[in-house]
Every structure is written in structure tokens, then in C-alpha cells.
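Okay, structure first, notes after.
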Amino acid sequence: MTDASTTTSGRVPRLDEEPEKVKFVRTDAVQWEGPWDPDAYDPDAARATTESYLDDAVEAERLGLDGQLMTEHHFDGWTMAPSPNLFLAALAMRTTRLRLGQAVHVLPIHNPWRLAEECGQLDVLSNGRAEI
């Protein structure tokens with residue numbers, strides 16, 4: 001795995017930089033672990049599941065992984081993070097080196113200006129670590 005070094009400017013290198021180094025990236029979707037019955041939804045369990053996914057990503061950074069990518073899913077019974085940017089913004093507040101990005105954006109359901117602005121905001125919040 002790569003080390004936690006930064007560039008001479010103090011910036012964490014993008015995943016496509018330093019092609020001579022192998023990059024280790026985690027791709028995930030926050031998934032509901034309970035029954036798919038809306039009547040069985042438990043907000044405390046949902047919060048605990050989300051915290052668990054955030055903790056896993058923080059541990060991935062500690063172990064030396066280079067990035068965390070999130071997928072965007074809608075209209076199913078298991079997705080708990082339909083907005084990757086929101087989850088990644090929370091993760092940006094808990095990490096310092098992990099590159100953060102979206103493996104999937106479902107473009108037809110987004111306003112392009114709004115999505116571009118969200119991605120820009122994620123880049124600011126993550127101190128330039130967003131992978132768009």
C-alpha cells in the first residue's frame with residue numbers, strides 16, 4: 001500500500017497521479033442491514049449502521065488505503081446513502097488523507113449545476129481530496 005505522503009505542496013496526490021504506485025481504493029454503498037419492511041425501520045439501527053460504515057472508512061485510511069468511493073442507488077429497500085456527496089462530506093470531516101469520490105452518479109436525475117456545485121463543495125470540505 002502507498003504511504004501517507006503528500007506532494008511538495010502539501011496536497012494529497014490524486015488517484016491518477018503517480019501511476020508507478022499501486023492504489024488501493026474501497027468502493028461501497030451504505031446498506032440497510034435490517035428487514036426491508038418500512039414498518040420495521042429503526043432510526044437508531046440506521047444511525048448505527050451509518051456510523052459503522054464511517055468507522056470502517058476511517059480504519060481504511062489508518063491501514064493505508066488510498067481512497068473511498070461511494071455508489072449512488074435509488075428506489076430500493078437497502079440503500080441508506082442515496083447521496084454519495086453527503087456521506088463523503090461526513091467522511092471528509094473524519095479523515096485527512098483518504099481520497100474521496102463517487103463511483104456512480106445517476107446523472108439523469110440530477111440538475112447538472114447543482115451536482116457540479118456539490119462536487120465543488122466536497123472538494124473544499126475535503127481540502128482538495130475529492131475525486132470527481
Side-chain angles (χ1 to χ4, degrees):
M1 287 183 231
T2 61
D3 62 318
S5 65
T6 59
T7 64
T8 56
S9 67
R11 181 181 59 79
V12 177
R14 292 189 326 261
L15 293 175
D16 65 350
E17 293 178 335
E18 303 174 332
E20 69 281 0
K21 291 184 180 179
V22 174
K23 309 295 188 320
F24 290 88
V25 179
R26 217 173 147 234
T27 302
D28 212 341
V30 181
Q31 299 178 12
W32 172 248
E33 296 172 356
W36 291 11
D37 178 6
D39 294 329
Y41 177 77
D42 178 358
D44 292 329
R47 173 72 180 181
T49 298
T50 301
E51 285 293 329
S52 176
Y53 275 85
L54 288 166
D55 291 344
D56 288 350
V58 169
E59 180 68 3
E61 178 181 72
R62 188 190 72 74
L63 292 171
L65 271 73
D66 297 293
Q68 171 75 42
L69 303 178
M70 296 300 297
T71 62
E72 177 180 339
H73 294 279
H74 300 276
F75 317 116
D76 60 35
W78 58 272
T79 299
M80 291 180 51
S83 175
N85 289 330
L86 282 176
F87 183 86
L88 293 171
L91 189 53
M93 300 295 104
R94 298 173 184 218
T95 59
T96 59
R97 186 192 57 76
L98 204 62
R99 298 294 302 185
L100 306 170
Q102 305 84 355
V104 174
H105 269 308
V106 183
L107 296 178
I109 67 170
H110 287 286
N111 175 301
W113 289 107
R114 175 69 185 216
L115 185 59
E117 290 172 338
E118 282 184 12
C119 292
Q121 183 68 59
L122 176 61
D123 197 47
V124 169
L125 291 172
S126 67
N127 196 28
R129 293 182 290 135
E131 291 284 329
I132 310 301

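Residues passing the side-chain contact (heavy atoms from CB on, under 4.5 Å) test with Arg26, sequence neighbours excluded: Asp28, Asp56, Ala57, Ala60, Leu65, Gln68. Under the side chain to side chain donor-acceptor pair (under 3.5 Å) criterion, Thr95 pairs with Arg129, sequence neighbours left out. Residues satisfying the salt bridge (Lys or Arg N to Asp or Glu O under 4.0 Å) criterion with Asp123, sequence neighbours excluded, are absent altogether. Under the side chain to side chain donor-acceptor pair (under 3.5 Å) criterion, Thr79 pairs with Asp76, sequence neighbours left out. For Glu131, the salt bridge (Lys or Arg N to Asp or Glu O under 4.0 Å) partners at least two apart in sequence or on another chain are Arg99. Residues passing the side chain to side chain donor-acceptor pair (under 3.5 Å) test with Asp16, sequence neighbours excluded: Arg14. Annotation: side-chain contact (heavy atoms from CB on, under 4.5 Å) contacts of Asp39 (sequence neighbours excluded): Asp37.
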Side-chain polar contacts of residues 101-112 - donor-acceptor pairs under 3.5 angstrom, sequence neighbours left out - could you list them?
| residue | atom | partner | partner atom | Å |
| --- | --- | --- | --- | --- |
| Gln102 | NE2 | Asn85 | OD1 | 2.3 |
| His105 | ND1 | Glu72 | OE1 | 2.9 |
| His110 | NE2 | Glu72 | OE1 | 3.1 |
| His110 | NE2 | Glu72 | OE2 | 2.8 |
| Asn111 | OD1 | Trp113 | N | 2.8 |
| Asn111 | OD1 | Arg114 | N | 3.1 |

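Leu100 and Val58 fall within a single hydrophobic cluster, where Ile, Leu, Val, Met, Phe, Trp and Tyr are joined by side-chain heavy atoms under 4.5 Å apart, directly or via other members. Using a 4.5 Å cut-off between side-chain heavy atoms of Ile, Leu, Val, Met, Phe, Trp and Tyr, with links allowed through other members, Leu63 and Val25 fall into different hydrophobic clusters.
When every heavy atom of Val12 is checked against every heavy atom of Thr96, the shortest pair comes out as CG2-O, 4.1 Å. Counting all heavy atoms, side chain and backbone alike, Glu33 lies closest to Tyr53 at OE2-CE1, 4.2 Å. Nearest heavy atoms, Pro13 versus Glu17: CA-OE1, 3.1 Å. The two residues Trp32 and Ala40 come nearest to each other via the heavy atoms CZ2-O, 4.3 Å.
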Under the side-chain contact (heavy atoms from CB on, under 4.5 Å) criterion, do Thr50 and Leu54 qualify, and how do the steps go?
CA-CA 6 Å; Thr50 301; Leu54 288 166; 4.3 Å; yes
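Sorted by first and then second residue, the side chain to side chain donor-acceptor pair (under 3.5 Å) pairs involving residues 40-49 (not counting sequence neighbours) are Arg47-Glu51.
The CG atom of Leu91 lies 8.0 Å from the CD atom of Glu61; values are rounded to the nearest 0.5 Å. Summarising the geometry, atom OG belonging to Ser126 is positioned 13.5 Å from atom CZ belonging to Arg97; distances are rounded to the nearest 0.5 Å.
If you chain together ILVMFWY residues whose side-chain heavy atoms come under 4.5 Å of each other, Met93 ends up grouped with Leu125.
Counting heavy atoms from C-beta on, the side chains of Val30 and Met70 come closer than 4.5 Å. No side-chain heavy atom of Leu88 sits less than 4.5 Å from a side-chain heavy atom of Leu69.
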